[in-house]
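These notes concern the structure reproduced below.
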Amino acid sequence: MKLLGLLLLGLLVSLVFPAQAAAHPLGNFTVNHYHGITVHPDRVTVRAVVDTAEIPTLQERPAEVGDYASRECAALSQATSVEVDGRAVPVEVRSSAVEFPPGDAGLATTRLTCVVEAPASGSTVAVRAGYRDDRIGWREMTAVGDGVALLDPPVPGVSVTGELRAYPDDLLSDPLDVRSVVLKVGPGSSAPVAGGTVGGSSLLTAATATFTSFAGAQDLTPLVGVLAVLLSLVLGASHAALPGHGKTVIAAYLAGRAGTPRDALVVGATVTLTHTAGVLVLGLLISATSAVAGDSVLRWLGVVSGLLVTAIGVTLLRSSLRQRRPVLVSHGHAPPPADDTAHGHGHGHGHGHGHGHGHGHGHGHGHGHGHGHGHGHGHGHGHGHGLGRTNLIGMGVAGGLVPSPSALVVLLGAVALGRTWFGVLLVLGYGLGMAATLTTVGLILVRLRDRLAAVERFRDRFTALPTITAALVLLVGIGLAVRAALGL
């Protein structure tokens, strides 16, 4: 109910304090490109727009470079190749301009506009854009004919983003990545082919924009500060509920390895500390130097997180397979468990006549003693000590290792306004929100597991649960590492 109340508060904030949708829904590290191609009877003109998001703008500080527009447009023209009927033609700059629209958290963005031109008179025109092609981002091309007709053009004639001013929600999961086009030219003229409409923003996107606008507010009142902290908790919780943040593997680990509520709290606390520390360290590096490519750092952190989960999965799978092997128990002694999970076993043996009983309490071993006369029988007791602390902390580190770009932007925006303490507070709230979601999921599954284990018909099925859990952890870890390595 508490989480639901916070979510409702976040919705109320979004309505009371309306904000524009996030300027760069693909990420605050992106460099986005649009190339509008116009083919004339004797030349081809390319209107190129480069929209650089908040973090690379902060690192490069283009506003401090007086000749930024002319210099970068010259580099863009050199990286743009035009071929007419298979023959390369020179490309020259016709105009250059730059502006710095405000972005998230009060940080500036960069909008560079270059118009380049090349002679063209032929039946085919090929254009390829190579400027800053090492950075992730949206890449869009359009083409129209002016005095000539384009025959079955492979790209639309109208930008679906309004030249990188608004990005359609329905294409964000599979963003455009058009870097080259070959156009067939014929006599006549043709009308532009529409490329779709620009969609609206999702509720989560609008809430994120509201959150970052709080961090960049010039006048910080106590009410705005409290709302911002509460919204950071909501967004952190929502962020952890999205795919790719380890909640599934952490919850399965707790449910399958005899986890306790205390174990779930340990994981949640580790996630909070790791995420907060990661945002602070990366923010410091980005502020200090432009040599750090934030998107590359996040990608490598994702790989490390996946490999860490994979290593834990391998350890768990090996230990669970060893424990499932039949073991001969002799004279009340059992072999110690293979991993750092502690167990207690007790066995009693009766000999001769009478009865026997035994008690065992231990950390991986048990002792039983029998005595008396008659027909013997025995019983024992054992007490375990929960999950291994190393694996718990490792799962928490993996869950919080990759910093959220939204939290990073909020921190940098607060630093730029001289409110570092406020930025740290919001980042901490974001991490606590993440931890709340992960811990809640873990607690629910632990409680569900305990209830099912108490039912007689389910009891035997739990013997294979540690092995299944270990295999799941291993597979998810491999998937996370591969996905991060491929930059997906």
Take Leu411 and Val424 through the side chain to side chain contact (heavy atoms under 4.5 Å, CB included) test and state the conclusion after the steps. CA-CA 6 Å; Leu411 174 64; Val424 173; 4.2 Å; yes

Closest non-hydrogen atom pair, [X] against [Y]:
X	Y	value
Pro187	Ala149	O-CB, 3.5 Å
Val144	Gly157	CG1-O, 3.7 Å
Thr310	Gly477	OG1-C, 3.0 Å
Gly396	Val271	O-CG2, 3.4 Å
Gly394	Ile312	C-CD1, 3.7 Å
Val178	Val155	CG1-CG1, 4.2 Å

Main-chain N/O of [Y] paired to [X] side chain as donor or acceptor, under 3.5 Å:
X	Y	answer
Ser287	Leu284	no
Ser305	Gly302	no
Arg61	Leu58	yes
Ser159	Thr161	yes
Asp51	Asn32	no
Arg165	Gly162	yes
Arg179	Asp133	yes
Thr109	Gly103	no
Ser180	Arg128	no
Glu140	Val160	yes

Decide whether [X] and [Y] meet the rule of one side-chain donor and one side-chain acceptor closer than 3.5 Å.
X	Y	result
Thr142	Tyr34	yes
Thr110	Thr57	yes
Ser404	Tyr430	yes
Ser123	Asp85	yes

Go through the steps for Glu60 and Arg132 under the test salt bridge (charged side-chain N to carboxylate O under 4.0 Å, His left out), then give the verdict. CA-CA 13 Å; Glu60 297 166 7; Arg132 303 193 72 170; 2.5 Å; yes

Nearest 0.5 Å please: distance from the [atom1] atom of [X] over to the [atom2] atom of [Y].
X	Y	atom1	atom2	value
Leu408	Asn28	CG	CG	8.0 Å
Arg299	Leu486	CZ	CG	9.5 Å
Leu401	Leu298	CG	CG	10.0 Å
Thr38	Glu117	OG1	CD	10.0 Å
Arg135	Thr52	CZ	OG1	8.5 Å
Ser232	Leu428	OG	CG	8.0 Å

Set out, in order, the CA-CA distance, both residues' side-chain angles and the distance that settles side chain to side chain contact (heavy atoms under 4.5 Å, CB included) for Thr315 and Leu317, then state yes or no. CA-CA 6 Å; Thr315 302; Leu317 187 59; over 6 Å; no

Between Glu72 and Tyr131, does the side chain to side chain donor-acceptor pair (under 3.5 Å) criterion hold? Intermediate values first, please. CA-CA 9 Å; Glu72 292 302 313; Tyr131 176 71; 2.4 Å; yes

Note: Arg47-Glu163 ion pair, threshold 4.0 Å (strictly below): yes

Side chains of Val50 and Leu76: does their closest heavy-atom pair fall under 4.5 Å? yes

Verdict with reasoning, Gln59 to Ile286, per side chain to side chain contact (heavy atoms under 4.5 Å, CB included): CA-CA 6 Å; Gln59 291 181 289; Ile286 288 175; 3.6 Å; yes

Val49/Arg111 under side chain to side chain contact (heavy atoms under 4.5 Å, CB included): CA gap, chis, key distance, verdict: CA-CA 7 Å; Val49 178; Arg111 183 177 176 86; 3.6 Å; yes

